[in-house]
Amino acid sequence: MIAIDKVSKHYGAFAVLTDCSARVDKGEVVVVCGPSGSGKSTLIKCVNGLEPFEQGSIVVNGVSVGDPRTDLPRLRSQVGMVFQHFELFPHLTIMDNLTLAQVKVLGRDKDTAREKGRALLERVGLAAQAGKHPAQLSGGQQQRVAIARALAMDPVCMLFDEPTSALDPEMINEVLDVMTELAQEGMTMMCVTHEMGFARRVAHRVIFMDQGRIVEDEAKDAFFDHPRSARAQQFLARILQH
Amino acid sequence: MNPGYAFDWSSIPGALPFLAQGMGISLEITGVAVVAGIVWGTCLAILRRSPLRLLSWGAAAYVNLFRAVPLVMVLLWFFLIVPQLLARLLGLPPGTDMRLVSAMLGFSLFESAYYAEIIRAGIDSVAKGQMAAASALGMRPAQAMRLVILPQAFRNMVPLLLTQGIILFQDTSLVYVSALADFFGTAYKVGDRDGRLVELLLFAGAVYFVICYGASLLARAYQRRTRMA
């Protein structure tokens with residue numbers, strides 16, 4: 001579904017990504033972790049072309065992201081993305097947040113879009129909030145709406161960029177629960193997250209990044225039980241301490 | 001004016017219909033220039049962010065040029081040079097008052113440079129993540145701008161746009177260079193005719209003050225209300 005091949009990216013002389021290769025197969029859940037500044041957010045943004053990259057190639061659902069002839073907006077409409085800071089549209093109601101792109105990008109009629117929106121809000125437990133504006137919701141609720149907004153496009157895969165990092169601790173689980181359910185239904189997911197409990201429960205594989213390189217790419221149990229690199233061992237020791 | 005000057009306001013009541021007519025022209029110019037200035041200013045602000053150098057440089061040059069010359073001069077150019085050209089270009093009937101048309105055009109083009117800067121700042125005030133979110137949903141850049149960025153930018157900008165509108169309204173008094181009978185011009189003419197220039201200009205000043213101060217209170221009230229929302 002997602003094939004990342006030898007991708008490199010620089011900001012001037014600074015290498016953000018160096019020679020990154022990874023795959024996410026259909027139905028697979030891959031967690032990307034690593035210390036801050038390791039390039040994991042940049043990598044996931046390269047997957048739907050929000051960040052350009054200079055070298056290597058990324059193929060999503062058979063379409064090459066880096067190819068200048070690729071219709072990026074069309075590709076992005078098939079790839080769901082959830083951001084650290086939710087990025088709901090504050091001037092629109094929750095329902096309009098869910099229907100805007102369905103109508104304007106996919107060309108669905110308003111009733112179909114609203115029907116879809118209602119079903120998804122139901123699913124993330126927020127049907128009662130449809131008429132409110134994002135600022136009236138808690139962070140956890142906003143992030144659940146953001147997930148529903150992405151799902152409304154019927155994406156072939158979902159990208160999560162630190163979806164719980166901006167949340168208060170008591171709201172993290174309500175978002176992780178939605179993501180877990182999604183994973184169990186067989187959604188292809190690539191998640192940048194520090195939530196190792198989620199990774200342990202849900203992920204099939206874990207990618208560990210450090211200083212712009214993919215240091216480990218292992219099956220979940222192998223990664224947690226026997227991390228090979230010293231850096232991953234340090235990282236796990238530090239993050240599992242608390 | 002000597003210390004024993006005796007004020008005589010008697011020429012004002014009779015002149016009120018003329019003054020009202022003048023105010024109509026002032027408001028008409030203001031209205032046209034605000035609307036045209038915001039529309040063209042939005043285009044300029046968007047062109048300035050264009051990845052095509054020619055477009056972004058062209059828009060920047062336009063904005064910098066108009067912001068670097070006095071408004072009176074722009075009005076004179078449009079009054080002296082452009083009317084014949086304009087009449088032919090817009091296909092106006094021969095009897096049209098070219099002074100009004102050239103004043104509207106001059107103000108619109110001049111003010112759009114200022115509006116462009118306000119709108120550019122308004123667009124920048126919308127968090128970058130909003131553009132990313134719109135793009136991630138598959139919107140094209142123009143769609144994201146129209147549906148997501150501009151509605152938020154304009155909401156943030158309303159007080160500034162109103163303030164600029166108030167300045168513009170005051171500046172319409174500069175059309176006296178083309179002898180157009182706006183509110184200020186009419187007050188001046190009436191005062192000159194009756195030998196009561198001081199009274200008429202004081203009266204005109206009071207009217208400008210009431211309108212502009214009232215509008216700025218409105219702008220502030222709006223700002224307070226949206227900040228609480």
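Protein chains get the first letters and strands the later ones, always in sequence-line order, with residue 1 at the start of each. We use all heavy atoms of the structure for the numbers below, so side chains are in, but hydrogens, waters and symmetry mates are not.
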With a sphere of 6.0 Å drawn around [atom1] of [X], does it hold more than 12 non-hydrogen atoms of other residues, nucleotides or ligands?
{"X": "B/Y176", "atom1": "OH", "result": "no"}
{"X": "B/R67", "atom1": "CZ", "result": "yes"}
{"X": "B/F18", "atom1": "CZ", "result": "no"}
{"X": "A/R123", "atom1": "CZ", "result": "yes"}
{"X": "A/R108", "atom1": "CZ", "result": "yes"}
{"X": "B/L16", "atom1": "CG", "result": "yes"}
{"X": "B/F169", "atom1": "CZ", "result": "yes"}

Contact part of [X] toward chain B, heavy-atom cut-off under 4.5 Å: side chain, backbone, both or neither?
{"X": "A/H85", "value": "neither"}
{"X": "A/L88", "value": "backbone"}
{"X": "A/F83", "value": "side chain"}

Rounded distance [0.5 Å steps], [atom1] in [X] versus [atom2] in [Y]:
{"X": "B/K128", "Y": "A/E87", "atom1": "NZ", "atom2": "CD", "value": "11.0 Å"}
{"X": "B/L147", "Y": "A/H91", "atom1": "CG", "atom2": "NE2", "value": "7.5 Å"}
{"X": "B/S135", "Y": "A/M81", "atom1": "OG", "atom2": "CE", "value": "11.0 Å"}

Quiz item: Any idea which of A/A150, A/G80, A/S77, A/A146 has the most non-hydrogen atom pairs under 4.5 angstrom with chain B?
Solution: A/S77
Quiz item: Based on non-hydrogen pairs under 4.5 Å, which of A/V79, A/L75, A/L100, A/V82 is most in contact with chain B?
Solution: A/L100
Quiz item: Measuring heavy-atom distances to chain A, does B/Q143 have an atom under 4.5 Å in its side chain, in its backbone, in both, or in neither?
Solution: side chain
Quiz item: Any side-chain heavy atom of A/L92 within less than 4.5 Å of one from B/Q152?
Solution: no
Quiz item: Is the closest side-chain heavy-atom distance between B/L137 and A/K104 below 4.5 Å?
Solution: no
Practice problem: Search all heavy atoms of A/N48 against all heavy atoms of B/A136 and return the closest pair with its distance. | Solution: ND2-CB, 4.0 Å
